Enquirer: 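Structure provided below as structure tokens; questions to follow.
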Amino acid sequence: MADDKKLTTRAADFSAWYNEVVLRAELADYSPVKGSMVIRPNGYGIWERMQRALDDMFKATGHQNAYFPLLIPESFMHKEAQHVEGFAPECAVVTRGGGKELEEPLFIRPTSETIIYHMFAKWTQSYRDLPILINQWANVVRWEMRTRLFLRTLEFLWQEGHTAHTTHDEAEEEAVRMLNVYRTFMEGWMAMPVITGLKSESEKFAGALRTYACEAMMQDNKALQAGTSHNLGQNFAKAFELQFQDESGQMAYAWNTSWGVSTRMVGGLVMTHGDDNGLCTPPRLAPIEIVIVPIWKNDDEKSRLTAAALKVKDELTSWTGRGATDRLRVHLDLRDAMKPGAKYYEWELRGIPLRFELGPKDLDKQAVFAARRDTRGKQSLAMDGLPAAAAALLERIQHDMFAAALARREANSVRGNITYAAFRELMDGPGGFVYAGWCGDHACEAKVKEETKATIRVMPDAEFRSAEAPTSCMHCGRSSKAEAVWAKAY
RNA sequence: CGGGACGUAGCGCAGUCCGGUAGCGCACCUGAAUGGGGUUCAGGGGGUCGCGGGUUCAAAUCCCGCCGUCCCGACCA
């Protein structure tokens, strides 16, 4: 940084910009262990709001929370062939405990399918015991080679839902339902548009029948897989003897799903909405929605403006127009050693959606001067009816942030028949999402990845597909079996 | 694990080529003024120069070894 007050710009170096925003907005910091991170209060506050919103939705769809242990017997990991092949290389393993070598090494969970379906098997005798609809909030460890704050760390926080059903169709319905819960959350709370769809065979979860995903476009035009939902079929049920007696008295294997989102979403939030002034948090996820900055020139003004600002804060926080349990989240910045301008920059860096400046002139007019974080637009708001006006403006900001992100994604998406040469040129340059035909052959997918670094993010769900389906495979020219969204990804 | 850069105060860096009292900016503490977009002045505190060894009267600086971090590549939420 030439000027240590200014951030590296997104245009100059997107990676450096991202790191600086995360560190300087105090979302997270590097820990002494390479590849792991400390989530600081500003970042954890966003995660807590994410958790609350999602947890309510999980409950509303009939799920209950439970907790399964961190350590998994090595033998469990080996029971499902695809699963162990996919995860074993990135697992941390405990071999000593109590000062002795362990008889059986214990894997630190990279995900909990094995232990959870082992337990489900113990709890299930009859079809009357199904479905089981469980979620857990937990940490997991995956030993990654290359790490980035929030996006890929050795240890991360997530939720993993695990369910067991009597039929394939019921499991399929559950997997799709939860994918749509994620989509609702990402659009409605994160103001982050996503494309939902099916993963190709090579990108699906190790051990799944089918994997669905939500993919978002970051400001560098790369894709971020923000959430996944898997129809596990009977793969784990068979590996863990998860059987039930059906209505006709026959034994049958259960059908499972699992689905998860992680603290990676915080990184997605930064890269979707941040700008060259720092973080920009959508109001519904902002731990602080409004910061009040009083302005004074002398002791007399200081006492007058402090009193007025306290009164404004009190009016805002005591307002129940949004519901008694959803009060406006307001912070009053009374620090005296800092000039107002310096405070503006600091709160903007931290991404507070709305700032109220309150000085003598505003007080005379019985108004506050409101500045939006997203557009940096300013307007005077009358004290009379301020809480309702503030709530309306926050909703407006939430809405506009989503609209801006959606417009950006569409502006950087390409549809229709594209030559492979044009595709390569695009991936070498600005990047973006390309909707193109795919023959369904893994060889084509692998070749494109090798040549361009781009991968199939999803085969999009119906509503995201092009009006006219592409007819031929972008790479080999054979007839297209499915439209695919191609992009470079995190 | 390959390629590149770097490691000196909380942060950002200079000093290393050419060995000789460890510096600058920001931040921090004290005081005064200032205060509607990054305030000014004065005073002050803070360092095993990543770690270990070697050369030398003398090492941040030269030599050897190690460790760590970031960026770019092969794997992944």
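Here is how names work: the chains are called A, B, and so on, in the same order as the sequence lines, proteins then strands, and each is numbered from 1. Since the structure is predicted, the reported quantities are computational estimates derived from the model, not experimental observations.
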Enquirer: Which heavy atom of A:M190 sits nearest to which heavy atom of A:H273, and what is that distance?
Expert: O-NE2, 2.8 Å

Enquirer: Go through A:D400 and A:R396 one step at a time and tell me if the salt bridge (charged side-chain N to carboxylate O under 4.0 Å, His left out) criterion holds.
Expert: CA-CA 6 Å; A:D400 288 354; A:R396 177 94 222 165; 3.4 Å; yes

Enquirer: Any base atoms under 4.0 Å from A:S15, or only sugar-phosphate, or nothing? Heavy atoms, all strands.
Expert: sugar-phosphate

Enquirer: Between C1' on B:G12 and CG on A:L7, what's the gap in Å once rounded to a whole number?
Expert: 14 Å

Enquirer: Using a heavy-atom cut-off of 4.0 Å across all strands, would you classify A:T455 as base, sugar-phosphate, or nothing?
Expert: nothing

Enquirer: What interatomic distance, in whole Å, is found between P of B:U21 and the corresponding atom of B:A58?
Expert: 15 Å

Enquirer: Pick the C1' atom in B:U16 and in B:G50, then give their distance to the nearest Å.
Expert: 16 Å

Enquirer: Can you name the atoms? Protein N/O to nucleotides 35-37 of chain B N/O, anything below 3.5 Å, with the distance.
Expert:
from  : atom 1 : to     : atom 2 : distance (Å)
B:G35 : O2'    : A:W296 : O      : 2.7
B:G35 : N7     : A:K297 : O      : 2.8
B:G35 : N1     : A:W296 : NE1    : 3.4
B:G35 : N1     : A:D336 : OD1    : 3.2
B:G35 : N2     : A:D336 : O      : 2.7
B:G35 : N2     : A:D336 : OD1    : 2.8
B:G36 : OP1    : A:K339 : NZ     : 3.0
B:G36 : O6     : A:G359 : O      : 3.3
B:G36 : O6     : A:P360 : N      : 3.0
B:G36 : O6     : A:K361 : N      : 2.4
B:G36 : O6     : A:D362 : N      : 3.3
B:G36 : N1     : A:D362 : OD2    : 2.3
B:G36 : N2     : A:D362 : OD2    : 2.7
B:G37 : N7     : A:K378 : NZ     : 2.6
B:G37 : O6     : A:R355 : NH2    : 2.5
B:G37 : O6     : A:K378 : NZ     : 2.9
B:G37 : N1     : A:E348 : OE2    : 2.8
B:G37 : N2     : A:E348 : OE1    : 2.8
B:G37 : N2     : A:R376 : NH2    : 3.4

Enquirer: Between A:K204 and A:E201, does any side-chain N to carboxylate O distance fall below 4.0 Å?
Expert: yes

Enquirer: So what does A:F150 touch, heavy atoms closer than 4.0 Å: a base, only the sugar-phosphate, or nothing?
Expert: base

Enquirer: Once you apply the 3.5 Å cut-off to both distances, tell me the Watson-Crick or G-U wobble partner of B:C18, or none.
Expert: none

Enquirer: Which base sits across from B:G52 as a Watson-Crick or G-U pair, both distances under 3.5 Å?
Expert: B:C64

Enquirer: I'd like the C1' distance from B:U8 over to B:A14, given in whole Å.
Expert: 10 Å

Enquirer: Taking only the P atom of each, what is the distance from B:G35 to B:U40 in whole angstrom?
Expert: 13 Å

Enquirer: Taking the C1' atom of each, how far is B:C62 from B:C17, in whole Å?
Expert: 11 Å

Enquirer: Rounding to a whole Å, what distance do you find between A:E301:CD and B:U34:P?
Expert: 12 Å

Enquirer: Atom CZ of A:R24 to atom P of B:C26: distance rounded to whole Å?
Expert: 15 Å

Enquirer: If I take atom CG in residue A:L23 and atom C1' in nucleotide B:C11, what distance separates them, rounded to the nearest angstrom?
Expert: 11 Å

Enquirer: Mark yes or no: A:R355 above the aromatic ring of A:Y344, with NZ or CZ under 6.0 Å from the six-membered ring centre and no more than 45 degrees from the axis.
Expert: yes

Enquirer: Check whether the side chains of A:E451 and A:Y420 place a donor and an acceptor atom closer than 3.5 Å, and report yes or no.
Expert: yes

Enquirer: What orientation do A:F236 and A:Y117 show, parallel under 30°, tilted 30 to 60°, or perpendicular over 60°?
Expert: tilted

Enquirer: Could you tell me how far B:C13 sits from B:A22 if I compare only their C1' atoms? Round to whole Å.
Expert: 14 Å

Enquirer: With rounding to whole Å, what would you report as the distance between B:G7 and B:C51 at their P atoms?
Expert: 13 Å

Enquirer: Roughly how far, to the nearest 0.5 Å, is the CG atom of A:L54 from the CH2 atom of A:W137?
Expert: 5.0 Å

Enquirer: Side chain of A:M145: nearest nucleotide among B:C70, B:G38, B:C1?
Expert: B:C1

Enquirer: Could you check whether any side-chain N or O of A:H230 sits under 3.5 Å from a backbone N or O of A:T257, counting only pairs where one atom can act as donor and the other as acceptor?
Expert: no

Enquirer: With ring pair (Phe, Tyr, Trp, His ring centres under 6.0 Å) as the test, pick out the partner of A:F205 among A:F87, A:Y212, A:W259.
Expert: A:F87

Enquirer: Give A:F156 one of three labels, base, sugar-phosphate or nothing, depending on what nucleic acid heavy atoms sit under 4.0 Å from its own.
Expert: base

Enquirer: With nearest nucleotide decided by heavy atoms, which residue, A:Y30 or A:E144, maps closer to the 5′ end of RNA chain B?
Expert: A:Y30

Enquirer: Could you tell me if A:S258 and A:H162 have a donor-acceptor pair between their side chains, going purely by distance under 3.5 Å?
Expert: no

Enquirer: Tell me: CZ of A:F14 to C1' of B:C72, nearest whole Å?
Expert: 17 Å

Enquirer: Rounded to whole Å, how long is the line connecting atom CH2 of A:W143 with atom C1' of B:A74?
Expert: 20 Å

Enquirer: What nucleic acid atoms does A:L151 come within less than 4.0 Å of, heavy atoms only: base, sugar-phosphate, or nothing?
Expert: base

Enquirer: Partner lookup for B:A58, please. Criteria are Watson-Crick or G-U wobble with both distances under 3.5 angstrom; report none if nothing qualifies.
Expert: none

Enquirer: Which base sits across from B:G38 as a Watson-Crick or G-U pair, both distances under 3.5 Å?
Expert: none

Enquirer: When both hydrogen-bonding distances must be under 3.5 Å and the geometry is Watson-Crick or G-U wobble, what is B:A27 paired with, if anything?
Expert: none

Enquirer: Do A:T228 and A:T211 have side-chain atoms, one donor and one acceptor, less than 3.5 Å apart?
Expert: no

Enquirer: For A:K449 and B:A74, give me the distance from atom NZ to atom C1', rounded to whole Å.
Expert: 9 Å

Enquirer: Grab the CG-P distance between A:D13 and B:C70 for me, whole Å please.
Expert: 15 Å

Enquirer: Output a table of nitrogen or oxygen pairs between the protein and nucleotides 2-6 of chain B separated by less than 3.5 Å.
Expert:
none

Enquirer: Can you tell me how far P in B:A27 sits from the matching atom in B:C72, rounded to whole Å?
Expert: 30 Å

Enquirer: Taking a pair as Watson-Crick or G-U wobble with both distances under 3.5 Å, which nucleotide is matched to B:C70?
Expert: B:G4

Enquirer: Indicate whether the side chain of A:R457 and that of A:T455 have a donor and an acceptor atom separated by less than 3.5 Å.
Expert: yes

